[in-house]
Protein chains: 2
Amino acid sequence: MGLFLSTTTNKIDKKGRISVPSAFRTVLSKDDFAGVILFQSYTLPAIEGVSMSTMDMMNNRVDQNFAFFSNDHDELATVLFGGAVPLVFDGDGRITLPQHFIDHAQLGDQASFVGMGHKFQIWNPELFKDRQKQSLESVKSQGVTLSRKDT
Amino acid sequence: MGLFLSTTTNKIDKKGRISVPSAFRTVLSKDDFAGVILFQSYTLPAIEGVSMSTMDMMNNRVDQNFAFFSNDHDELATVLFGGAVPLVFDGDGRITLPQHFIDHAQLGDQASFVGMGHKFQIWNPELFKDRQKQSLESVKSQGVTLSRKDT
DNA sequence: TGACATCCCATGAAAATCCATGCTATCCCA
DNA sequence: TGGGATAGCATGGATTTTCATGGGATGTCA
């Protein structure tokens, strides 16, 4: 499917536009929707981004795990889909970030796109430095590792 | 899958380009992505290299072991994927090393590719000499061995 | 008609691509 | 077995293309 990898920092211009890194666009263009789905992280001052097909996948999981009219289902669906915003690329691969995302992630005139495999996050570059450092410490100290095993 | 074996030292030119040893390219070319994934070692002044399929494997493991929005998932993904850079070979089998990798591994105008089985490392040749010596002594004194057991 | 979104084009910097060269190991045939 | 041809590989440099970014023009909705 293609993975979101590496970290890229781009500028937000006066109009609130920002270029989605070319490599990320390539991953996103695998499905027919020419854009990206964004929603705010529930726990971090960051914006999460996924492809439309990943959104489909999450939708299926919600339906599998919860009865269709249960309260749990509706609560999760409300948060997950109610807060999700589809944004279409302009001709040059840019998107315009809605104001509440900019507020939530405390973005100034720059933003970092952080690849996380099947998804990515958008951060204030300064905040991300700390986040990165803290993640590394956490991964190292907790010994969260992956053993290599071919499937 | 093919293993990364032996050590080769190549030149880094003015533009930061370096030839990936032909034997390594052969191993990497087993999957459809014509390049290599690099990230910095968490503990050593070296760069680590793996194939895209290894990266895929790691991604699957992360998703299997951690809930998609859990903090553990995000921290691991940040370290693992946010710091990973996919580099495509040019027509002659070279890659251009990003500056922060050159800094981290303290590379001058040369670099050693060290085969390590499923992955390889890129070292400053001088630093690697010490590393090699120290590894050998450590293995000898601790009597590190391998159990012969597949899977 | 003003605010805002969308589309289009220009530009500079960076990255990808292409071509040339020399070295070395290998092969082939006399 | 010697020696020349050949192919693969690392290296250097030039050229072309892509990409991020800025700004203007056009369209749209309240």
Side-chain angles (χ1 to χ4, degrees), chain A residues 2 4-29 33-38 47 49 85-103 107-115 120 122-125 128, chain B residues 2 4-29 32-38 47 49 52 84-103 107-115 120 122-125:
Chain A
F4 296 106
L5 296 176
S6 119
T7 298
T8 312
T9 300
N10 284 341
K11 272 191 87 173
I12 302 176
D13 68 17
K14 297 174 207 161
K15 301 180 183 177
R17 297 178 302 184
I18 186 168
S19 286
V20 176
S22 170
F24 284 20
R25 292 204 303 269
T26 304
V27 175
L28 290 165
S29 67
F33 173 70
V36 58
I37 316 293
L38 297 186
I47 308 165
V85 180
L87 293 173
V88 179
F89 300 136
D90 72 9
D92 303 310
R94 287 177 289 198
I95 54 176
T96 300
L97 296 173
Q99 190 58 46
H100 68 282
F101 283 162
I102 293 180
D103 295 341
L107 298 179
D109 66 340
Q110 285 196 321
S112 296
F113 289 79
V114 182
F120 64 88
I122 302 175
W123 282 81
N124 174 317
F128 179 64
Chain B
F4 298 107
L5 297 176
S6 112
T7 298
T8 312
T9 300
N10 284 341
K11 264 192 95 174
I12 303 176
D13 69 17
K14 298 175 209 161
K15 301 182 184 174
R17 295 181 302 186
I18 186 169
S19 286
V20 176
S22 171
F24 285 19
R25 291 205 304 269
T26 305
V27 176
L28 291 164
S29 67
D32 52 359
F33 172 71
V36 58
I37 316 294
L38 297 186
I47 308 165
M52 182 61 97
V85 181
L87 294 173
V88 180
F89 299 136
D90 71 9
D92 305 310
R94 287 176 291 195
I95 54 175
T96 301
L97 295 173
Q99 190 59 46
H100 67 281
F101 284 161
I102 292 180
D103 296 341
L107 299 179
D109 66 342
Q110 285 197 320
S112 296
F113 290 79
V114 183
F120 64 88
I122 301 175
W123 282 81
N124 175 316

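What you see is a predicted model, and the numbers here were worked out from it, not measured in a lab. Below, chain A is the first sequence line, B the second, and so on; all start at residue 1.
Taking atom CG of residue A:D13 and atom C1' of nucleotide D:dG23, one finds them 9 Å apart after rounding to whole Å. Summarising the geometry, the separation between CD1 on B:I12 and P on D:dG13 is reported as 16 Å, rounded to the nearest angstrom. B:F24 has its CZ atom 14 Å from the P atom of D:dC9, to the nearest Å.
Note that CZ of A:F24 and CG of A:L5 are 7.5 Å apart. Values are rounded to the nearest 0.5 Å. Atom CZ of A:R17 is separated from atom NZ of A:K11 by 12.0 Å, given to the nearest 0.5 angstrom. Rounding to the nearest 0.5 Å places OG1 of B:T26 at 10.0 Å from CZ of B:F4. Taking CZ from B:F101 and CG from B:L87, the interatomic distance works out to 7.0 Å, rounded to the nearest 0.5 Å. A distance of 9.5 Å separates CG of B:D109 from CD1 of B:I18, quoted to the nearest 0.5 Å.
Of the charged side-chain nitrogens involved, none lies within less than 4.0 Å of a carboxylate oxygen, so that B:K15 and B:D13 do not count as a salt-bridged pair.
Here the side chain of B:N10 is nearest to one of D:dA10, D:dG23, D:dT21, namely D:dA10.
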request  = List the steps and the verdict of side chain to side chain contact (heavy atoms under 4.5 Å, CB included) for A:T7 and A:W123.
outcome  = CA-CA 10 Å; A:T7 298; A:W123 282 81; over 6 Å; no
query = B:I122 and B:F113: side chain to side chain contact (heavy atoms under 4.5 Å, CB included), yes or no, with the steps?
reply = CA-CA 5 Å; B:I122 301 175; B:F113 290 79; 3.7 Å; yes
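Closest non-hydrogen pair, B:F33 versus B:P86, comes out as CZ-CB, 3.9 Å. Heavy atoms only, all atoms of each residue included: A:T9 and A:S112 are closest at OG1-OG, 2.8 Å.
Using a 4.0 Å cutoff on non-hydrogen atoms, the parts of residues 88-103 of chain A near DNA chain C are A:D92, A:R94, ordered by number.
Where DNA chain C meets chain A (any atom under 4.0 Å from a heavy atom), the bounding nucleotides read 5' to 3' are C:dT6 to C:dC9.
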Could you go through nucleotides 14-19 of chain D and list every protein N or O atom that sits under 3.5 Å from one of its N or O atoms, giving the distance for each pair?
| unit_1 | atom_1 | unit_2 | atom_2 | d |
| --- | --- | --- | --- | --- |
| D:dA14 | N7 | B:K15 | NZ | 3.4 |
| D:dA14 | N6 | B:K15 | NZ | 2.7 |
| D:dC19 | OP1 | A:S22 | OG | 2.9 |

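By the 4.5 Å heavy-atom criterion applied to side chains, A:I95 and A:F89 are counted as neighbours.
Between A:K11 and D:dG22 there is a side-chain N or O to OP1 or OP2 distance below 4.0 Å.
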